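Below, chains carry the letters A, B, ... as their sequence lines are ordered, and counting in each starts from 1. Here the structure is a predicted model, which means the values were calculated and not measured.
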Amino acid sequence: MVLARGFYSRDTLEVARDLLGRMLVRVMDGIVLSGMIVEVEAYTRDDPASHAYRGMTARNRVMFGEVGHAYVYFIYGKHYCLNIVARSRDVEAGAVLIRAVEPVEGVEVMMERRGNGLKSRMRLEMLTSGPGRLTEALGIDARHNGLDLTVGGELYVEEGYSISDDMVETTSRVGVVKGADRPWRFIIKGNRFVSRVRV
DNA sequence: GCCAAGATCCTCT
DNA sequence: GAGGATCTTGGCT
């Protein structure tokens, strides 16, 4: 089931938390590439690190638009980053950066796409463990900026697995999900929520 | 128009 | 652990 618009029409941090365990799906030339979302970061309107902090510009206008749409931007002259617009109704802007996924379907295609320059040193953990890496592996770029992710098609998010709060053991900054195939590490940075698979 | 910084990744030491 | 790659964006003049 593709996640519907309502999923994204909530507090940005809440959506970020709930995106963990969901499946990011990219259909490219009829081939399905997918990965489980394992690291996210929430960017709210009032976060100085957010593109929306200084108000709407040509680049960030998607963050001010309808929830459930993709905000893709180019960074460091090399990389694309995928965000999903998410915020509650009374908030002006907000988005969740997808920082990492765990490859599930189409691993060989992802390997091919990421293979250049990495050669034999390519390891599975390196395939999609970073915002720039996952967009390269899944073939996500500026063409997807503004795309509605709630209607299926070439890029969407589906239910996947839900990670319940009682699976998380939290300290002030770090938590670990118990009972998963792999242990997970959760990090809170200010009002941002970050989680990452421990390797 | 100019310039510095950037939600990163990779290679080399 | 440090530094280079590479180019868009936005602030400032």
Side-chain angles (χ1 to χ4, degrees), chain A residues 8 11-20 22 24 26 33 35 37-65 67-87 91-103 107 109-147 149 155 157 173-174 184-199:
Chain A
Y8 304 101
D11 178 77
T12 308
L13 272 78
E14 220 174 278
V15 175
R17 165 67 182 79
D18 287 349
L19 276 171
L20 293 168
R22 312 290 177 174
L24 178 64
R26 167 84 163 102
L33 311 177
I37 297 171
V38 296
E39 183 176 349
V40 294
E41 193 163 353
Y43 284 91
T44 52
R45 174 74 167 83
D46 57 353
D47 181 351
S50 170
H51 287 177
Y53 185 65
R54 295 171 185 275
M56 188 162 67
T57 65
R59 174 168 71 161
N60 68 18
R61 65 186 161 77
V62 174
M63 281 183 79
F64 291 78
V67 299
H69 286 229
Y71 169 45
V72 182
Y73 66 90
F74 191 56
I75 189 74
Y76 293 110
K78 284 190 169 125
H79 310 289
Y80 290 99
C81 292
L82 169 67
N83 296 250
I84 305 177
V85 180
R87 63 175 184 277
V91 173
E92 206 184 355
V96 177
L97 172 67
I98 309 300
R99 295 191 56 88
V101 304
E102 195 168 294
V107 174
V109 175
M110 295 187 211
M111 285 268 197
E112 264 175 48
R113 296 189 50 81
R114 291 264 299 127
N116 286 344
L118 292 176
K119 299 166 191 158
S120 58
R121 296 185 60 186
M122 167 65 73
R123 296 185 308 156
L124 198 59
E125 308 90 75
M126 302 288 288
L127 198 54
T128 52
S129 58
R133 291 174 181 157
L134 75 92
T135 53
E136 184 177 29
L138 297 177
I140 296 167
D141 56 37
R143 292 171 302 169
H144 299 99
N145 189 35
L147 189 72
L149 304 186
L155 186 62
V157 182
R173 290 181 59 84
V174 179
W184 300 49
R185 187 178 57 169
F186 286 76
I187 305 168
I188 309 291
K189 281 184 182 174
N191 65 344
R192 294 186 236 165
F193 180 89
V194 178
S195 83
R196 178 193 295 268
V197 163
R198 179 189 271 178
V199 280

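- The distance from atom CG of D141(A) to atom C1' of dT8(C) is 15 Å, rounded to the nearest whole Å.
- Look at CD1 on I75(A): it is 16 Å from C1' on dG4(C), rounded to the nearest Å.
- Distances were taken from every side-chain heavy atom of Y43(A) (C-beta onward) to each of dA7(B), dC7(C), dT8(B); the shortest belongs to dA7(B).
- Rounded to whole Å, atom P of dA7(B) lies 11 Å from atom CE of M63(A).
- Distance from the side chain of F74(A) is smallest to dT8(C) among dG6(B), dT8(C), dC9(B).
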### Task
Kindly express the pairing pattern of DNA chain B in dot-bracket notation, using | wherever a base pairs with another strand and counting only Watson-Crick or G-U pairs under 3.5 Å.
||||||.|||||.

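- Spacing between atom NZ of K78(A) and atom P of dA5(B) amounts to 19 Å, rounded to whole angstrom units.
- Rounded to a whole Å, the CZ atom of R45(A) is 17 Å from the C1' atom of dA7(B).
- A straight line from CG of D47(A) to P of dG6(B) spans 13 Å, rounded to a whole angstrom.
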Please write out the pairs of protein N or O atoms and N or O atoms of nucleotides 10-13 of chain C separated by less than 3.5 Å, giving the distance to one decimal.
residue: dG10(C); atom: OP1; partner: T57(A); partner atom: OG1; Å: 2.3

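- In this structure, H79(A) has no side chain to side chain donor-acceptor pair (under 3.5 Å) partners at least two apart in sequence or on a different chain.
- A donor-acceptor contact closer than 3.5 angstrom links the side chains of H51(A) and Y71(A).
- Side chains of T57(A) and R61(A): a donor-acceptor N/O pair is absent below 3.5 angstrom, by distance only.
- Checking side-chain atoms of T128(A) against main-chain N and O of A100(A) turns up no donor-acceptor pair under 3.5 Å.
- Taking atom CG of residue N145(A) and atom C1' of nucleotide dT8(C), one finds them 13 Å apart after rounding to whole Å.
- Judged by distance alone, with hydrogens and angles left aside, Y76(A) brings no side-chain donor or acceptor close enough to the base of dA5(C) to form a pair under 3.5 Å.
- In this structure, OH of Y80(A) is placed 15 Å from P of dC9(B), rounded to the nearest angstrom.
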